[in-house]
Amino acid sequence: MFPQYDVIVVGAGHAGCEAAAAAANLGSRVLLVTMNMQTIAQMSCNPAMGGIAKGQIVREIDAMGGYSGIVTDLSMIQFRMLNLSKGPAMWSPRAQNDRMLFAATWREKLENTPNVDFYQDMVRSIILKGNRACGVVTGLGHEIQAKSVVVTSGTFLNGIIHIGEKKFGGGRVAEKAATGITEQLVEAGFESDRLKTGTPPRVDGRSLDYSKMEEQKGDDEIIGFSFSNTKKPTEQRSCWITYTNQKVHDLLKTGFDRSPMYTGRIEGIGPRYCPSIEDKINRFAERDRHQLFIEPEGWNTIEIYVNGFSTSLPEEVQFEALRNVPGFENVRIFRPGYAIEYDYFPPTQLKHSLETKLIDNLFFAGQINGTTGYEEAACQGLMAGINAHQKTRDLEPLILKRSDAYIGVLIDDLISKGTEEPYRMFTSRAEFRTLLRQDNADIRLTELSYRLGLASQERMDTVIVKRNGATEIRNMLREISIEPGEAEEFLRRHDSAPLTQKQKAIQLLLRPNITLPAMIAGLAPLQGKFNTYARDVLEQAEIQIKYDVYIEKEKEIVKKMSQLEDLLIPDNFDYDRVSALSNEALQKFKKIKPRTLGQASRISGVNPSDVQILMVFMGR
């Protein structure tokens, strides 16, 4: 009934979709197995993509030839570039999406990807031959052979849903949990644990009074996520902001004695940076209000997502508390919020390729590795799909370093440090964030992906035009001179000191309140000379000029640190022979088996002296 596949992907969430697309586009024959064909690429929580650091990840996925950026652009109902008041290292794109259109667009992209087959069934176990994965066994008893397997199970492994004192099995509301895989892998020697996440109530938008809320419109200019020329919406839908108050908090507290979080029925640890509303009022008792974002679920629906009100309290408590939020006095609830706990496998059990250390040809991606968020899952799926393909062809894995991409930071954090709570990406996790900006993801990563065979020739050509254009603009600005008289009116309008002598245009651009578009529009020597350059090329040139000193400093640090990254530790290295290591370092090294001295230096509990001892012992 089934042919042999190169890659089987288990689960069709954000990680599974990117994994299937990447492996197939590289030439592997792929089977995507999902428990429900109607929920491919489901936005299980909020209908949005991107945000702080997450937006950078989506742009990196797009630069590598993944689909998340394209799908986001084609289904967005609002776009905002966050943190524009800060430097470009902090700029982060975010889109509000049409939930149903997003999933439908993803499915359409996959159905139009040659080499992807689909099958609806639960995977209950992995076919193992010795220490190698060779396929899957489904709930209907089918044995499907493959050269490698990527597990992207999301919240479905032994998932339990909690609403107040009620609990029932499920991987998502109205969808059953998946069983069998955890038990099999634990028996094979893997370590597993439990995590928890949650989601807020969905409400009827017709029952809300928006006059009592603050309107939050999208940006005038929709930049989007994809570096390809995707179609953007011509109009946008607004989101709204309102706040909880002390009465809401008091009502929520009446349900604490029935909350699964506080009665101990939930064992898993929840996300620190996306806490439930009961967790917020407990941890931040000094605050008398918390912000709520009221987000439409799509173009043609009245359903509203109450962002910031994630909860697992009893339904009647949720309802009474919501009715005391300004604008929610007559609210009608479509479905209550709930918490879900599920199995994950601590990611220190993985290699940087996302292949498991215990079983060859078996890859994990997404929430099974302890992450939270669509973007974190999608980028892992992309990398796991690429490396599953590479493994079937006996090719070297693709490993992104911390200085290459936020994706590299995320994977290195997981592999080196592990996580005991749902991991979320932030700009502060990246030590080279001036280099890892959202605007230059294509320049950083497309050539790498193109050489691999994933990014298209068209994408590569676009990057070359952008890179060369930015260089040309910088050179032109070095050549053009501005006389004091030519800049007098322009500088006065921009509250900038007048010129006392002739100056090159590039020096003028270094001033705080001066931008390149303003100079092109307001200075006669520049007018008409830059008309052929696209907005993103001009922006790239300006960022490179203004932040050149900081960029060069970070490059120097990368160069110094790469010396440790280049020092490989043999797979069979015997740490017991290094008697001077601390007990904690010895224990961590033996468990995690770092690939390089650089990775060894980032393991929690390892001191610089341990790394120096290791380096000396290795004859360095």
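- For the pair Leu414/Phe364, no side-chain contact is recorded, criterion being any heavy-atom separation below 4.5 Å from C-beta on.
- Seen from the ring of Phe225, Arg59 does not count as a face-on cation partner, given the 6.0 Å and 45° thresholds.
- For the pair Phe118 and Leu110, the minimum side-chain heavy-atom distance is below 4.5 Å.
- Between the side chain of Asn361 and the backbone N or O of Ala133, no donor-acceptor pair lies under 3.5 Å.
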- prompt: So Met37 and Ile40, side-chain contact (heavy atoms from CB on, under 4.5 Å) or not? Walk me through it.
  reply: CA-CA 6 Å; Met37 287 285 292; Ile40 289 174; 4.1 Å; yes
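- Donor-acceptor pairing under 3.5 Å is recorded for the side chains of Asp343 and Thr182.
- Counting heavy atoms from C-beta on, the side chains of Ser228 and Arg459 come closer than 4.5 Å.
- Taking the side chain as every heavy atom from C-beta outward, Asp6 and His389 never approach each other to under 4.5 Å.
- At least one side-chain heavy atom of Leu31 sits under 4.5 Å from a side-chain heavy atom of Asp117.
- Between Glu375 and Ser68, the side chains place no donor N or O within less than 3.5 Å of an acceptor N or O (distance only, hydrogens not considered).
- Here the CD1-NZ distance, from Ile222 to Lys232, works out to 8.5 Å after rounding to the nearest 0.5 Å.
- Contact of the Ile399 side chain with the Lys351 side chain is not registered, since no non-hydrogen atoms from C-beta on lie closer than 4.5 Å.
- Across all their heavy atoms, Ala23 and Gly385 have their closest contact at CB-O, 3.5 Å.
- The existence of a salt bridge linking Lys401 and Glu565 is excluded, since no basic side-chain nitrogen approaches an acidic carboxylate oxygen closer than 4.0 Å.
- Rounding to the nearest 0.5 angstrom, the gap separating the OG atom in Ser75 from the CH2 atom in Trp106 is 11.0 Å.
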query: Val409 and Met425: side-chain contact (heavy atoms from CB on, under 4.5 Å), yes or no, with the steps?
result: CA-CA 9 Å; Val409 174; Met425 179 53 74; 4.0 Å; yes
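- The pair Arg272-Asp279 does not meet the salt-bridge criterion, since no charged nitrogen lies less than 4.0 angstrom from a carboxylate oxygen.
- No more than 12 heavy atoms of other residues, nucleotides or ligands shown are found within 6.0 angstrom of CD on Glu420.
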- prompt: Does the pair Asp413 and Arg402 meet the rule for a side-chain contact (heavy atoms from CB on, under 4.5 Å), with working shown?
  reply: CA-CA 9 Å; Asp413 276 356; Arg402 296 180 74 88; 2.9 Å; yes
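- Without hydrogens or angle criteria, Gln78 side chain to Gln96 main chain gives no donor-acceptor distance under 3.5 Å.
- Counted by atom type alone, Asn369 and Glu376 present zero donor-acceptor pairs between their side chains at under 3.5 Å.
- In this structure, OG in Ser428 is found 6.5 Å from CZ in Arg433, a value given to the nearest 0.5 Å.
- Of the possible donor and acceptor atoms, one in the side chain of Thr155 sits under 3.5 Å from a partner among the backbone N and O of Gly171.
- The neighbour count for Gln457 CD, taken as heavy atoms of other residues, nucleotides or ligands under 6.0 Å away, is above 12.
- Remark: the backbone N or O of Pro422 is not paired with any side-chain donor or acceptor of Thr419 at under 3.5 angstrom.
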field: Leu410 vs Gln380, side-chain contact (heavy atoms from CB on, under 4.5 Å): CA-CA, chis, key distance, verdict
entry: CA-CA 9 Å; Leu410 181 146; Gln380 290 174 73; 3.8 Å; yes
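- Looking at Arg437, its side chain does come within 3.5 Å of a backbone N or O of Thr434 through a donor-acceptor pair.
- The two residues Leu32 and Gly11 have their closest heavy-atom pair at CD1-O, 3.4 Å.
- Ion pairing of Arg467 with Glu447 is present here, as a side-chain N (NZ or NE/NH1/NH2) and a carboxylate O approach within less than 4.0 Å.
- Neither side chain, Asp442 nor Thr446, offers a donor N or O lying under 3.5 Å from an acceptor on the other.
- Phe190 approaches Ile359 most closely through the heavy-atom pair CE1-CD1, 3.6 Å.
- Arg172 and Ser44 share a donor-acceptor pair across their side chains, judged by distance under 3.5 Å alone.
- A donor and an acceptor atom, one from each side chain of Ser125 and Gln184, are nowhere located under 3.5 Å apart.
- Scanning all heavy atoms of the two residues, the minimum distance from Pro346 to Ser192 falls at CD-CA, 4.0 Å.
- Formation of a donor-acceptor pair under 3.5 Å by the Asn112 side chain with backbone atoms of Glu108 is found in this model.
- Between Val150 and Ala384, the closest heavy-atom pair is CG1-CB, 3.9 Å.
- Judged purely by distance below 3.5 Å, without hydrogens or angles, the side chains of Gln540 and Asp439 pair a donor atom with an acceptor atom.
- Between the side chains of Thr138 and Tyr119, no donor-acceptor pair of N or O atoms lies under 3.5 Å.
- Here the side chain of Glu18 pairs a donor or acceptor atom with the backbone of Tyr67 at under 3.5 angstrom.
- Gln56 is listed as a side-chain neighbour of Thr427, based on a closest heavy-atom distance under 4.5 Å.
- Rounding to the nearest 0.5 Å places CG of Asn36 at 14.0 Å from CE of Met122.
- Looking at Thr230 and Asp73, their side chains do bring a donor and an acceptor atom within 3.5 Å of each other.
- With 3.5 Å as the limit, one finds a donor-acceptor pair spanning the side chains of Ser226 and Asp62.
- Summarising the local packing, CE of Met81 is surrounded by more than 12 heavy atoms from other residues, nucleotides or ligands at distances under 6.0 Å.
- In this structure, Arg424 contributes its side chain and Thr372 its backbone to no donor-acceptor pair below 3.5 Å.
- Under the 30°/60° scheme for interplanar angles, the aromatic rings of His142 and Phe2 are found to stand perpendicular.
- With hydrogens and angles disregarded, a donor-acceptor distance shorter than 3.5 Å links the side chain of Glu60 to the backbone of Ile407.
- Here the CZ-CD1 distance, from Arg132 to Ile126, works out to 14.0 Å after rounding to the nearest 0.5 Å.
- Applying the 6.0 Å contact sphere to CD of Glu111 captures more than 12 heavy atoms from other residues, nucleotides or ligands.
- For the atom pair CD of Gln587 and CD1 of Ile603, the computed distance is 11.5 Å after rounding to the nearest 0.5 Å.
- Checking Tyr374 against Asn97 by side-chain atom types alone, no donor-acceptor pair falls below 3.5 Å.
- Side-chain atoms of Val463 and Tyr450, non-hydrogen and from C-beta on, never get closer than 4.5 Å to each other.
- Under the 3.5 Å distance criterion, the side-chain polar atoms of Asn115 are matched with a main-chain donor or acceptor of Ala24.
- In this structure, Cys379 and Ile57 approach most closely via the heavy-atom pair CB-CG2, 3.7 Å.
- Electrostatic pairing of Arg94 and Glu295 counts as a salt bridge here, judged by a charged N lying under 4.0 Å from a carboxylate O.
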